[in-house]
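Step one of this worksheet: look at the structure below.
Because the structure is a prediction, the values reported are computed rather than measured.
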Amino acid sequence: MSTTRMMILGVVRLLQPVHGYDVRRELLSWHADKWANVQPGSVYHALKKLADEGALREAGSEQVGGRPARTRYEMTVKGDEQFRDLLSGALWEQREVEDPFLAGFSLMTELPREEVAAALRHRARRLRADNEGAGAAIASGWAVPDNKPTHVRWMLELGIARNEGEIAWCERVAERIDSGEPYLSEELLARWKQARGERDHATD
(Lines give C-alpha, C1' and ligand atoms only; values in the text may rest on other atoms or scores of the structure.)
Protein backbone atom coordinates (compact mmCIF):
# COMPACT_ATOMS: atom_id res chain seq x y z
CA MET A 1 0.00 0.00 0.00
CA SER A 2 2.90 2.42 0.68
CA THR A 3 3.80 2.69 -3.03
CA THR A 4 0.17 3.23 -4.04
CA ARG A 5 -0.20 5.81 -1.27
CA MET A 6 2.94 7.65 -2.38
CA MET A 7 1.89 7.69 -6.04
CA ILE A 8 -1.62 8.93 -5.32
CA LEU A 9 -0.41 11.62 -2.94
CA GLY A 10 2.17 12.65 -5.52
CA VAL A 11 -0.38 13.00 -8.32
CA VAL A 12 -2.74 14.97 -6.09
CA ARG A 13 0.18 17.23 -5.14
CA LEU A 14 1.00 17.83 -8.81
CA LEU A 15 -2.55 18.44 -10.06
CA GLN A 16 -4.51 19.69 -7.02
CA PRO A 17 -7.35 20.28 -6.69
CA VAL A 18 -8.08 17.13 -8.68
CA HIS A 19 -10.85 14.60 -9.16
CA GLY A 20 -10.34 10.91 -8.50
CA TYR A 21 -11.04 10.22 -12.18
CA ASP A 22 -8.14 12.45 -13.22
CA VAL A 23 -5.81 10.85 -10.65
CA ARG A 24 -6.65 7.44 -12.07
CA ARG A 25 -6.24 8.62 -15.66
CA GLU A 26 -2.88 10.23 -14.91
CA LEU A 27 -1.51 7.08 -13.25
CA LEU A 28 -2.70 4.94 -16.16
CA SER A 29 -0.94 7.30 -18.59
CA TRP A 30 2.24 6.65 -16.61
CA HIS A 31 1.62 2.86 -16.83
CA ALA A 32 2.03 2.82 -13.03
CA ASP A 33 -0.08 -0.34 -12.89
CA LYS A 34 2.83 -2.18 -14.53
CA TRP A 35 5.97 -0.84 -12.83
CA ALA A 36 4.54 0.34 -9.49
CA ASN A 37 1.68 -2.17 -9.12
CA VAL A 38 -0.83 0.65 -8.62
CA GLN A 39 -4.14 -0.98 -9.44
CA PRO A 40 -6.59 1.41 -11.16
CA GLY A 41 -9.50 0.02 -9.18
CA SER A 42 -7.84 0.93 -5.89
CA VAL A 43 -7.50 4.66 -6.61
CA TYR A 44 -10.94 5.82 -5.42
CA HIS A 45 -10.78 3.73 -2.25
CA ALA A 46 -7.27 5.02 -1.50
CA LEU A 47 -8.35 8.64 -2.00
CA LYS A 48 -11.23 8.22 0.42
CA LYS A 49 -8.99 6.49 2.97
CA LEU A 50 -6.37 9.24 2.70
CA ALA A 51 -9.09 11.85 3.19
CA ASP A 52 -10.45 9.97 6.23
CA GLU A 53 -6.92 9.92 7.70
CA GLY A 54 -6.45 13.63 7.15
CA ALA A 55 -3.74 13.35 4.48
CA LEU A 56 -6.13 14.82 1.88
CA ARG A 57 -9.14 17.08 2.16
CA GLU A 58 -12.15 17.47 -0.05
CA ALA A 59 -12.03 20.70 -2.05
CA GLY A 60 -15.59 20.72 -3.29
CA SER A 61 -17.39 18.69 -5.91
CA GLU A 62 -19.06 19.23 -9.24
CA GLN A 63 -21.59 17.41 -11.36
CA VAL A 64 -21.64 17.28 -15.14
CA GLY A 65 -24.96 16.33 -16.70
CA GLY A 66 -26.49 13.21 -15.21
CA ARG A 67 -23.17 11.82 -14.02
CA PRO A 68 -22.44 11.32 -10.31
CA ALA A 69 -20.83 14.27 -8.56
CA ARG A 70 -17.04 14.24 -8.62
CA THR A 71 -15.15 15.16 -5.48
CA ARG A 72 -11.98 17.22 -5.83
CA TYR A 73 -9.07 16.55 -3.48
CA GLU A 74 -6.10 18.56 -2.33
CA MET A 75 -3.18 17.95 0.04
CA THR A 76 -3.12 18.79 3.72
CA VAL A 77 0.03 19.58 5.71
CA LYS A 78 -0.13 16.03 7.12
CA GLY A 79 -0.41 14.57 3.63
CA ASP A 80 2.49 16.63 2.37
CA GLU A 81 4.71 15.43 5.22
CA GLN A 82 3.64 11.84 4.65
CA PHE A 83 4.35 12.13 0.93
CA ARG A 84 7.84 13.51 1.52
CA ASP A 85 8.64 10.68 3.96
CA LEU A 86 7.42 8.03 1.50
CA LEU A 87 9.27 9.62 -1.40
CA SER A 88 12.56 9.85 0.51
CA GLY A 89 12.19 6.24 1.62
CA ALA A 90 11.52 5.05 -1.91
CA LEU A 91 14.59 6.80 -3.30
CA TRP A 92 17.04 5.93 -0.53
CA GLU A 93 16.01 2.40 0.48
CA GLN A 94 16.92 -0.83 -1.29
CA ARG A 95 14.19 -3.47 -1.04
CA GLU A 96 13.91 -6.98 -2.36
CA VAL A 97 11.13 -7.48 -4.91
CA GLU A 98 9.17 -10.72 -4.88
CA ASP A 99 9.84 -12.60 -8.10
CA PRO A 100 8.22 -16.02 -8.83
CA PHE A 101 11.15 -16.80 -11.14
CA LEU A 102 13.54 -16.86 -8.18
CA ALA A 103 11.25 -19.25 -6.30
CA GLY A 104 11.21 -21.59 -9.30
CA PHE A 105 14.95 -21.25 -9.86
CA SER A 106 15.64 -22.28 -6.25
CA LEU A 107 14.11 -25.70 -7.07
CA MET A 108 15.70 -26.14 -10.49
CA THR A 109 17.42 -29.34 -9.31
CA GLU A 110 14.06 -31.11 -9.60
CA LEU A 111 13.85 -30.62 -13.38
CA PRO A 112 15.96 -32.01 -16.22
CA ARG A 113 18.94 -29.84 -17.09
CA GLU A 114 17.69 -29.44 -20.65
CA GLU A 115 14.41 -27.94 -19.47
CA VAL A 116 16.07 -25.46 -17.10
CA ALA A 117 18.55 -24.30 -19.75
CA ALA A 118 15.74 -23.94 -22.30
CA ALA A 119 13.65 -21.92 -19.83
CA LEU A 120 16.57 -19.56 -19.18
CA ARG A 121 17.17 -19.00 -22.89
CA HIS A 122 13.45 -18.42 -23.42
CA ARG A 123 13.51 -15.80 -20.64
CA ALA A 124 16.50 -14.12 -22.29
CA ARG A 125 14.66 -13.99 -25.65
CA ARG A 126 11.57 -12.46 -24.04
CA LEU A 127 13.64 -9.82 -22.25
CA ARG A 128 15.56 -9.02 -25.44
CA ALA A 129 12.27 -8.56 -27.32
CA ASP A 130 11.05 -6.23 -24.56
CA ASN A 131 14.24 -4.19 -24.86
CA GLU A 132 13.96 -3.97 -28.64
CA GLY A 133 10.39 -2.71 -28.30
CA ALA A 134 11.32 -0.17 -25.62
CA GLY A 135 14.33 1.03 -27.61
CA ALA A 136 12.22 1.51 -30.74
CA ALA A 137 9.56 3.37 -28.73
CA ILE A 138 12.20 5.73 -27.32
CA ALA A 139 13.87 6.30 -30.69
CA SER A 140 10.57 7.09 -32.41
CA GLY A 141 9.48 9.48 -29.67
CA TRP A 142 6.31 7.46 -29.02
CA ALA A 143 7.26 6.39 -25.48
CA VAL A 144 8.69 9.77 -24.48
CA PRO A 145 7.02 12.58 -26.43
CA ASP A 146 8.23 16.15 -26.07
CA ASN A 147 5.60 16.91 -23.42
CA LYS A 148 6.90 14.22 -21.03
CA PRO A 149 9.49 14.91 -18.31
CA THR A 150 13.07 13.83 -19.04
CA HIS A 151 13.05 11.37 -16.13
CA VAL A 152 10.45 9.25 -17.96
CA ARG A 153 13.12 8.42 -20.54
CA TRP A 154 15.58 7.68 -17.76
CA MET A 155 13.12 5.23 -16.18
CA LEU A 156 12.76 3.40 -19.49
CA GLU A 157 16.53 3.30 -19.86
CA LEU A 158 16.79 1.78 -16.37
CA GLY A 159 14.39 -0.99 -17.37
CA ILE A 160 16.47 -1.72 -20.47
CA ALA A 161 19.70 -1.80 -18.45
CA ARG A 162 18.21 -4.21 -15.90
CA ASN A 163 16.99 -6.48 -18.68
CA GLU A 164 20.39 -6.46 -20.35
CA GLY A 165 22.01 -7.63 -17.12
CA GLU A 166 19.48 -10.44 -16.72
CA ILE A 167 19.81 -11.48 -20.38
CA ALA A 168 23.55 -11.92 -19.96
CA TRP A 169 23.04 -13.84 -16.70
CA CYS A 170 20.42 -16.19 -18.23
CA GLU A 171 22.63 -17.02 -21.18
CA ARG A 172 25.72 -17.50 -19.01
CA VAL A 173 23.96 -19.84 -16.55
CA ALA A 174 22.31 -21.81 -19.38
CA GLU A 175 25.76 -22.48 -20.83
CA ARG A 176 27.04 -23.65 -17.43
CA ILE A 177 24.07 -25.99 -17.05
CA ASP A 178 24.65 -27.43 -20.54
CA SER A 179 28.32 -27.98 -19.70
CA GLY A 180 27.32 -30.29 -16.86
CA GLU A 181 28.56 -28.09 -14.04
CA PRO A 182 27.42 -29.75 -10.77
CA TYR A 183 24.53 -28.16 -8.92
CA LEU A 184 25.51 -29.60 -5.53
CA SER A 185 28.68 -30.19 -3.58
CA GLU A 186 29.58 -33.81 -2.85
CA GLU A 187 28.71 -33.30 0.81
CA LEU A 188 25.29 -31.81 0.12
CA LEU A 189 24.53 -34.44 -2.53
CA ALA A 190 25.36 -37.21 -0.03
CA ARG A 191 23.06 -35.61 2.57
CA TRP A 192 20.20 -35.36 0.12
CA LYS A 193 20.62 -38.96 -0.99
CA GLN A 194 20.68 -40.10 2.65
CA ALA A 195 17.54 -38.10 3.46
CA ARG A 196 15.73 -39.54 0.45
CA GLY A 197 16.84 -43.05 1.33
CA GLU A 198 15.56 -42.66 4.90
CA ARG A 199 12.28 -41.27 3.63
CA ASP A 200 11.80 -44.11 1.12
CA HIS A 201 12.66 -46.67 3.80
CA ALA A 202 10.08 -45.18 6.18
CA THR A 203 7.32 -45.51 3.58
CA ASP A 204 8.08 -49.18 2.72
Side-chain angles (χ1 to χ4, degrees), residues 1-11 27-43 45-46 82-83 85-138 143-144 151-200 202-203:
M1 173 61 183
S2 61
T3 301
T4 297
R5 180 182 291 261
M6 179 186 71
M7 297 296 292
I8 290 176
L9 285 171
V11 171
L27 288 168
L28 282 173
S29 76
W30 295 3
H31 304 290
D33 54 321
K34 296 182 174 62
W35 50 264
N37 198 31
V38 178
Q39 301 304 312
S42 69
V43 170
H45 173 74
Q82 187 177 124
F83 168 70
D85 288 343
L86 290 169
L87 179 57
S88 293
L91 288 174
W92 283 92
E93 294 177 16
Q94 171 64 31
R95 298 180 183 176
E96 294 294 330
V97 178
E98 181 181 347
D99 187 348
F101 170 77
L102 294 179
F105 193 74
S106 71
L107 296 168
M108 60 177 282
T109 55
E110 303 307 297
L111 290 176
R113 283 178 171 268
E114 296 80 5
E115 182 175 349
V116 178
L120 288 170
R121 291 192 172 100
H122 173 72
R123 188 175 180 87
R125 286 194 297 272
R126 290 284 301 272
L127 292 169
R128 187 173 286 110
D130 289 346
N131 274 5
E132 290 171 356
I138 291 173
V144 192
H151 64 265
V152 174
R153 173 189 292 273
W154 294 340
M155 290 169 66
L156 290 171
E157 290 172 351
L158 173 60
I160 291 172
R162 285 175 170 173
N163 284 351
E164 287 175 348
E166 189 167 345
I167 289 166
W169 177 87
C170 285
E171 293 176 340
R172 183 170 63 252
V173 173
E175 289 293 331
R176 295 172 74 172
I177 291 172
D178 284 342
S179 72
E181 183 171 328
Y183 292 158
L184 309 171
S185 67
E186 292 296 330
E187 179 184 356
L188 184 56
L189 183 59
R191 279 213 318 264
W192 280 23
K193 285 182 177 179
Q194 181 182 358
R196 286 181 174 178
E198 291 172 354
R199 182 194 62 199
D200 294 342
T203 56

Heavy-atom distance under 4.5 Å between the side chains of [X] and [Y], does that happen here?
{"X": "Trp30", "Y": "Val11", "result": "yes"}
{"X": "Glu171", "Y": "Leu120", "result": "no"}
{"X": "Phe83", "Y": "Arg5", "result": "no"}

List the residues meeting side-chain contact (heavy atoms from CB on, under 4.5 Å) with [X], not counting sequence neighbours, and say none if there are none.
{"X": "Pro100", "value": "none"}
{"X": "Asp33", "value": "Leu28, His31, Pro40"}
{"X": "Ser29", "value": "Glu26, Lys148"}
{"X": "Ala117", "value": "Arg121, Ala174, Ile177, Asp178"}

From [atom1] ([X]) to [atom2] ([Y]), nearest 0.5 Å:
{"X": "Arg125", "Y": "Cys170", "atom1": "CZ", "atom2": "SG", "result": "10.5 Å"}
{"X": "Gln82", "Y": "Ser2", "atom1": "CD", "atom2": "OG", "result": "10.0 Å"}
{"X": "Leu9", "Y": "Thr4", "atom1": "CG", "atom2": "OG1", "result": "10.5 Å"}

Residue pairs passing the side chain to side chain donor-acceptor pair (under 3.5 Å) test where at least one lies in residues 102-113, sequence neighbours excluded
Glu110-Arg196
Hey, could you give me each pair passing side chain to side chain donor-acceptor pair (under 3.5 Å) that has a residue in residues 34-43? Not counting sequence neighbours.
Asn37-Gln39
Derivation of the salt bridge (Lys or Arg N to Asp or Glu O under 4.0 Å) call for Asp99 and Arg123:
CA-CA 13 Å; Asp99 187 348; Arg123 188 175 180 87; 3.7 Å; yes
So, using ring pair (Phe, Tyr, Trp, His ring centres under 6.0 Å) as the criterion, who are the partners of Tyr183 when residues are at least two apart?
none
Restricting to side chain to side chain donor-acceptor pair (under 3.5 Å), what partner residues turn up for [X], sequence neighbours left out?
{"X": "Arg172", "result": "none"}
{"X": "Glu164", "result": "none"}
{"X": "Glu132", "result": "none"}
{"X": "Glu93", "result": "Arg95"}

Listed once per pair and sorted, the ring-ring contact (aromatic ring centres under 6.0 Å, His included) pairs that draw on residues 105-133, sequence neighbours left out:
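Found Phe101-Phe105, Phe105-Trp169.
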Might you point out which heavy atoms bring Leu86 and Met6 nearest each other, and give the distance in Å?
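What the structure gives for the nearest pair is O-SD, 3.6 Å.
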Would a distance-only check, ignoring hydrogens and angles, find a side-chain to backbone donor-acceptor pair under 3.5 Å from Asn131 to Ile160?
yes
side-chain contact (heavy atoms from CB on, under 4.5 Å) between Ile8 and Leu27, worked out:
CA-CA 8 Å; Ile8 290 176; Leu27 288 168; 4.1 Å; yes
